[in-house]
Novice: 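Pasting in a structure now, in structure tokens, and then I'll have a few things to ask.
Just follow the structure's listing: the first ligand is 1, and inside any ligand the first atom is 1. Note that the structure is predicted; figures quoted are calculated from it, not measured. What you see below is based on every heavy atom in this structure, not just the backbone, and it leaves out hydrogens, waters and symmetry mates.
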Amino acid sequence: MTEAPGVQSLSGRMVLMSYDVVIIGSGPGGYSAAVRAGQYGLKTAIVEKDAKLGGVCMHVGCVPTKVLLHAAEVWDYFKNSEAQGIHCENPRLDLPLIIERKQRIVDKHAKGIEFLMKKNKVDRVNGYGKITGAGKVEVVSGQGTTTLETRNIIVATGSTARLLPGLEADPERILTNIEILNLRKVPERLAIIGGGAVGVEFASVFHRFGSQVTLLEMLPRLAPVEDEEVSKELRRAFRKTGIRCEPGARVEEIHRTESGVTVSVTLAGGKQEKLEADAVLVAVGRAPRTAGIGLENTRAEIERGFIKIDDHQQTAEPGVYAIGDIVAGTPQLAHVAAREGLVAVAHIAGKPARPVNGDRIPGVTYCEPGIGSVGLTEARAKAEGYQVKIGKFPFLANSKASIEGHTEGFVKVVAEEKYGEILGVHIIGPRAYELIGEAVAAIEAEATVETMMGTIHAHPTLYEAVGEAFNDVYGLAINA
Ligand code: FAD
């Protein structure tokens with residue numbers, strides 16, 4: 001256990017006194033909150049049970065997956081280099097080397113978080129944290145038990161991969177996001193259960209690495225939280241590249257066999273199939289880590305497993321806040337966790353902070369083609385009673401997309417008819433997760449479609465497609 005200043009030993013137990021805020025969990029929510037608390041001059045401790053800081057995002061989520069995704073993109077360029085007029089003899093993919101690179105990048109950035117804790121005078125306390133009563137967090141580690149006393153607690157314990165009942169992960173055949181990030185060999189046949197953000201991301205990566213991928217999704221469409229047209233485009237693009245997509249599929253059983261796994265599934269039309277694969281990735285959502293952290297010792301309310309919070313991220317127990325993947329009502333994304341942490345700390349420090357607004361959160365799905373979205377889908381805008389006008393622009397008509405050789409997809413703007421309010425923007429295509437930034441800023445600044453039509457977009461760029469989609473709301477796109 002790291003002994004932070006102010007430790008008193010009381011008959012084998014240690015008590016640390018008088019923190020302004022103790023944060024349980026060091027993922028993007030917890031560590032961002034800790035940095036901001038330090039910046040505000042609050043006496044802060046961060047409790048982490050794992051050896052390294054950074055949480056799911058840093059170690060088995062956002063960062064390592066993007067290393068694999070980037071490698072898949074580079075590999076794709078090598079394989080298709082002839083299309084660019086470059087002859088490239090016998091390129092070879094070396095998965096162990098990619099995994100090594102992934103680990104170097106993760107370790108470097110996890111160290112960066114340690115540095116940030118020191119820089120902002122945040123005490124790091126290693127061990128398992130649990131709320132034991134008003135203003136008390138007990139931390140258990142190999143070295144004993146410590147009780148931290150504090151005016152405020154921020155719970156940032158994150159989430160874990162859900163598995164199907166009776167199923168246990170292993171390093172080679174039954175995989176979650178943890179095991180798949182350390183494979184030594186590309187599976188020849190990979191079945192993926194779950195067509196949400198995690199499932200489609202790994203489908204894109206391993207398909208390009210050479211796996212024959214089958215994607216099984218229970219709901220009628222892939223990326224089900226996205227605009228319907230975006231889901232359709234993704235399915236079309238996946239099918240075209242050879243990823244087998246089975247929306248509406250119900251997985252009944254998974255069996256380990258001598259050489260791999262068998263997945264028994266009922267397909268959308270009712271047909272039953274026993275799917276043979278070398279490995280299966282289970283990507284059926286993430287369960288919030290709310291058990292065993294002492295919430296029962298508070299008045300915090302739980303809603304379908306998630307913690308209920310107010311606009312300041314405070315639970316029903318004054319002085320106990322919750323942020324990130326454990327919170328009800330906001331998507332499980334790293335930037336959401338981080339922002340919720342800042343909102344909680346601002347409230348603790350008595351500073352102004354806008355509550356997190358669900359309609360201004362960028363949704364990002366890192367597949368090929370990528371997805372970036374913000375605000376209302378067309379269906380939701382209509383359901384909410386808006387008179388909707390749509391603008392759409394295909395990447396096929398964007399010169400930079402052609403230069404890069406990625407012309408799949410489109411930008412879609414959902415606007416309100418009378419005043420041109422931007423209700424939502426949905427992008428599927430090259431660098432969609434970067435391009436969505438302009439739309440998020442536009443919505444945050446309450447810009448209208450007209451403002452965005454008057455915004456000059458550099459040429460040739462991918463984000464010209466965003467400008468053109470705004471133009472198209474009034475039928476005024478130049479290049480389509
Ligand atoms: P977490 O990151 O889950 O961290 C929680 C921390 O709390 C952990 O370190 C854990 O050890 C610690 N902890 C838990 N209980 C205790 C305890 N009792 N005591 C002490 N410590 C404890 N999001 C994006 O925005 N972009 C992406 O590209 C993206 N890609 C992803 C890819 C994958 C494969 C996965 C699985 C997720 C991805 N996400 C992505 C989601 C993102 O990782 C999560 O939304 C984010 O990590 C949530 O942050 P958090 O702070 O709530 O908790």
Novice: Where is the nearest protein heavy atom to atom 15 (N) of ligand 1: which residue, which atom, and how far?
Specialist: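 Atom 15 (N) of ligand 1 sits closest to the protein heavy atom Thr157 CG2, 3.3 Å.
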Novice: Side chain, backbone, both or neither: which applies to Lys66 and ligand 1 if a contact is any heavy-atom pair less than 4.0 Å apart?
Specialist: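 Looking at Lys66 and ligand 1, just side chain atoms fall under 4.0 Å.
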Novice: Of the backbone atoms (N, CA, C, O) and the side-chain heavy atoms from C-beta on, which set of Leu53 has a member under 4.0 Å from an atom of ligand 1: side chain, backbone, both, or neither?
Specialist: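 Answer for Leu53: neither.
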Novice: Could you list which atoms of ligand 1 come closer than 4.0 Å to a heavy atom of Gly27?
Specialist: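 Near Gly27, meaning under 4.0 Å from one of its heavy atoms, ligand 1 has 2 (O), 4 (O), 6 (C), 51 (O).
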Novice: Please check whether Thr65 reaches ligand 1 - meaning an N/O of the residue sits under 3.5 Å from an N/O of the ligand, judged on distance alone.
Specialist: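 Thr65 vs ligand 1: no N/O contact under 3.5 Å.
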Novice: Can you sort out which atoms of ligand 1 are near Ser26, meaning under 4.0 Å from one of its heavy atoms?
Specialist: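 By the 4.0 Å cutoff, the relevant atoms are 6 (C), 7 (O).
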Novice: Quick one: look up the protein heavy atom nearest atom 1 (P) of ligand 1 and list residue, atom name and how far away it is.
Specialist: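 The answer is Val56 N, 3.7 Å.
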Novice: I need the atoms of ligand 1 closer than 4.0 Å to a non-hydrogen atom of Asp50, numbered in the order shown.
Specialist: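 Listed by number with element, the hits are 11 (O).
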Novice: Apply the side chain to side chain donor-acceptor pair (under 3.5 Å) test between Asn182 and each candidate in Gln103, Glu172, Lys102; give the one that qualifies.
Specialist: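 One option only clears the test, and that one is Lys102.
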Novice: Are any side-chain N or O atoms of Glu233 and backbone N or O atoms of Gly409, one a donor and one an acceptor, separated by less than 3.5 Å?
Specialist: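 Yes; judged by distance alone, with no hydrogens or angles, the pair exists.
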Novice: Looking just at side-chain N and O atoms, do Ser204 and Glu201 make a donor-acceptor pair shorter than 3.5 Å?
Specialist: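 Judged by distance alone, the side chains do not pair up.
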Novice: Just by distance, do the side chain of Asn297 and the backbone of Ile131 share a donor-acceptor pair under 3.5 Å?
Specialist: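 Yes; at least one donor-acceptor contact below 3.5 Å.
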Novice: Among all the protein's non-hydrogen atoms, which is closest to atom 23 (N) of ligand 1, and how far away is it?
Specialist: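 For atom 23 (N) of ligand 1, the nearest protein heavy atom comes out as Ala334 N, 3.3 Å.
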Novice: Between Glu317 and Thr298, does the side-chain hydrogen bond (donor to acceptor under 3.5 Å, both in side chains) criterion hold? Intermediate values first, please.
Specialist: CA-CA 6 Å; Glu317 174 78 45; Thr298 72; 4.8 Å; no
Novice: Just by distance, with hydrogens left out, do Asp123 and Tyr19 show a side-chain donor and acceptor under 3.5 Å apart?
Specialist: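 Distance-only check passes for Asp123 and Tyr19.
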Novice: Pick one of side chain, backbone, both or neither for how Ile293 approaches ligand 1, counting any non-hydrogen atom pair under 4.0 Å.
Specialist: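 Contact part for Ile293 vs ligand 1: side chain (C-beta onward).
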Novice: Go through ligand 1 atom by atom and flag the ones less than 4.0 Å from a non-hydrogen atom of Val47.
Specialist: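 Near Val47, the atoms of ligand 1 are 20 (C), 21 (N).
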Novice: Working to the nearest 0.5 Å, report the span between CG of Asp278 and CG of Leu183.
Specialist: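 Atom-to-atom, Asp278:CG and Leu183:CG are 11.0 Å apart.
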Novice: Any side-chain to backbone donor/acceptor pair from Arg289 onto Thr157? Under 3.5 Å, distance only.
Specialist: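 It does hold such a pair.
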Novice: Assess whether atom NZ of Lys79 is packed by more than 12 heavy atoms of other residues, nucleotides or ligands within 6.0 Å.
Specialist: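 More than 12 heavy atoms, drawn from other residues, nucleotides or ligands, come within 6.0 Å of this atom.
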Novice: To which protein heavy atom is atom 39 (N) of ligand 1 closest, and what is the distance rounded to 0.1 Å?
Specialist: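 Of the protein heavy atoms, Cys62 SG, 3.8 Å lies nearest.
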Novice: Who's the nearest protein heavy-atom neighbour of atom 44 (C) of ligand 1, and how far?
Specialist: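 Nearest protein contact, heavy atoms only, for atom 44 (C) of ligand 1 is Asp325 OD2, 3.4 Å.
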Novice: Looking at ligand 1, does any of its N/O atoms fall within less than 3.5 Å of an N/O of Lys49?
Specialist: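 Yes; the residue has a nitrogen or oxygen that sits under 3.5 Å from a nitrogen or oxygen of the ligand.
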Novice: Where the side chain of Asn152 meets the backbone of Asp20, is there a donor-acceptor pair that is under 3.5 Å apart?
Specialist: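 It does hold such a pair.
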Novice: May I ask you to check whether Tyr366 has an N/O atom sitting below 3.5 Å from an N/O atom of ligand 1?
Specialist: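 Between Tyr366 and ligand 1, no N or O pair is found under 3.5 Å apart.
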Novice: Show me which atoms of ligand 1 lie under 4.0 Å from any heavy atom of Gln332.
Specialist: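 Contacts of ligand 1 toward Gln332, numbered from 1: 41 (C), 45 (O).
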Novice: Does CZ in Arg250 sit with more than 12 non-hydrogen atoms of other residues, nucleotides or ligands closer than 6.0 Å?
Specialist: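 Result for CZ/Arg250: open.
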Novice: Considering the heavy atoms of Ile24, write down every atom of ligand 1 situated less than 4.0 Å from one of them.
Specialist: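 Result: 17 (C), 19 (N), 20 (C).
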Novice: Is a side-chain N or O of Thr377 found less than 3.5 angstrom from the main chain of Arg380, in a donor-acceptor match?
Specialist: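 Side chain of Thr377 to backbone of Arg380, a donor-acceptor pair under 3.5 Å: yes, one is there.
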Novice: With distance as the sole test, does Glu408 use its side chain to make a donor-acceptor pair with the main-chain N or O of Pro369 at under 3.5 Å?
Specialist: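 Checked: no pair found.
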Novice: Could an N or O of ligand 1 be found under 3.5 Å from any N or O of His335, whether backbone or side chain?
Specialist: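 Right, the criterion is met.
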Novice: Looking at Gln212, I want to see if its CD is surrounded by more than 12 non-hydrogen atoms of other residues, nucleotides or ligands under 6.0 Å.
Specialist: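 No.
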Novice: Please round to the nearest 0.5 Å and tell me the distance separating atom OH of Tyr366 and atom CG of Leu69.
Specialist: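 Output value for this atom pair is 9.0 Å.
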Novice: Say whether, by atom type as modelled, one donor and one acceptor occur between the side chain of His426 and the main chain of Leu376 under 3.5 angstrom.
Specialist: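 Indeed, once roles are kept as given, a pair shorter than 3.5 Å links the two residues.
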Novice: Ignoring angles and geometry beyond distance, decide whether Cys57 reaches within less than 3.5 Å of ligand 1 through its nitrogen or oxygen atoms.
Specialist: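 There is such a contact, yes.
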Novice: Would you check the N or O atoms of Gly54, main chain and side chain alike, for any that come under 3.5 Å of an N or O of ligand 1?
Specialist: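 No; every N/O pair is 3.5 Å or more apart.
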Novice: When you look for heavy atoms under 4.0 Å from ligand 1, do you find them on the side chain of Ser159, its backbone, both, or neither?
Specialist: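 Backbone only; the side chain of Ser159 stays clear of ligand 1.
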Novice: How close does the nearest protein non-hydrogen atom get to atom 53 (O) of ligand 1, and which residue and atom is it?
Specialist: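 Protein heavy atom at minimum distance: Gly158 CA, 3.2 Å.
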Novice: For Gly324, is at least one N or O under 3.5 Å away from an N or O on ligand 1?
Specialist: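 Looking only at distances, the answer is no, because the N/O contact criterion of under 3.5 Å is not met.
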Novice: Using heavy atoms and a threshold below 4.0 Å, how should the contact between Arg289 and ligand 1 be classified: side chain, backbone, both, or neither?
Specialist: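 The side chain, only.
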Novice: Mark yes or no for whether Ser211, through its side chain, and Pro187, through its backbone, hold a donor-acceptor pair below 3.5 Å.
Specialist: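 Yes, because the side chain of Ser211 sits within donor-acceptor range (under 3.5 Å) of the backbone of Pro187.
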Novice: For atom 7 (O) of ligand 1, grab the closest protein heavy atom and report residue, atom and distance to one decimal in Å.
Specialist: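 Of the protein heavy atoms, Gly25 CA, 3.2 Å lies nearest.
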Novice: Is any N or O atom of Asn177, backbone or side chain, closer than 3.5 Å to an N or O atom of ligand 1?
Specialist: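 The answer is no, given that Asn177 and ligand 1 share no N or O pair closer than 3.5 Å.
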Novice: What do you reckon, does His59 put a non-hydrogen atom under 4.0 Å from ligand 1?
Specialist: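 The answer is no, since His59 has no heavy atom less than 4.0 Å from ligand 1.
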Novice: Within a distance under 4.0 Å of any heavy atom of Ala156, pick out the atoms of ligand 1 and give their elements.
Specialist: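 Ligand 1 atoms under the 4.0 Å threshold to Ala156: 5 (C), 6 (C), 7 (O).
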Novice: For atom 19 (N) of ligand 1, what's the nearest protein heavy atom and its distance?
Specialist: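 Scanning the protein heavy atoms, the shortest distance from atom 19 (N) of ligand 1 goes to Gly129 N, 2.8 Å.
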Novice: Identify, by atom number and element, the atoms of ligand 1 in contact range of Gly29, meaning under 4.0 Å from any of its heavy atoms.
Specialist: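 So the atoms of ligand 1 that pass are 51 (O).
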Novice: Using atom types as modelled and distance alone, determine if a side-chain donor or acceptor of Asp227 lies under 3.5 Å from a backbone N or O of Glu378.
Specialist: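 Side chain of Asp227 to backbone of Glu378, a donor-acceptor pair under 3.5 Å: yes, one is there.
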Novice: Under 3.5 Å between any N/O of Ile323 and any N/O of ligand 1: does that happen in this structure?
Specialist: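 So ligand 1 has no N or O lying under 3.5 Å from an N or O of Ile323.
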Novice: Measure the distances from the heavy atoms of Gly127 to every atom of ligand 1 and state whether one is below 4.0 angstrom.
Specialist: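 Contact check Gly127 vs ligand 1: positive.
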